[in-house]
Structures are given as structure tokens and as C-alpha cells.
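Shown below is the structure under consideration.
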Amino acid sequence: MQKQAAAVKVNMNKNYDSVNFSSALAGEDAMQKNMVSRISQEVRTATTTGDIQALKRAVTAEEYVPDPMKIADKILFMVGD
């Protein structure tokens, strides 16, 4: 126990680098966090179990036709910010 106390005293007298952590994000990190937040919010509010089941049925029956304008709109919406 005395050896540990002595080691601690010796280490306390040395200089060490320090690191400060912040929750503030910069540049691309902030943009990525914002985009993920928006997309996840959209997914939570836009889809319901009924919508998903109807989509599965349409895909299985090969009746689903994606709307290229809606796809382009979503892509441009995400890039616009």
C-alpha cells in the first residue's frame, strides 16, 4: 500500500497533456448529425405498419413503380442544407 502511495505522489508531479471534450460539433459532423436527425424523424412520422404492408404487397406482386420525381426531391432536400 505504501508503494502505491509513493507512486501516486511521483506521478502527480509530472506534467501531462490534457484533453477537453465538448458536445459542440463542427462542420461535417454537425451536418451529418442534423441529417441523421431529420431522416430518422421523417421515418418515424411517415411510415406506419399499414404503409409497409401495402408496399410489401405491391413489391411482391411486381406492381410497385418508384416515382423518380419523389426520389429526386428527397435527394435534393438532403443535399440542399
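The analysis underlying the following values was restricted to heavy atoms, covering all of them including side chains, and did not include hydrogens, waters or symmetry mates.
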message = What I'd like to find out is whether the side chain of Leu55 reaches to under 4.5 Å of the side chain of Asp51, using heavy atoms alone.
response = no
ask   = Considering only heavy atoms from C-beta outward, does the side chain of Met69 approach that of Asp73 to under 4.5 Å?
value = no
query = Got a donor-acceptor contact below 3.5 angstrom from the Ser37 side chain to the Lys33 backbone?
reply = no
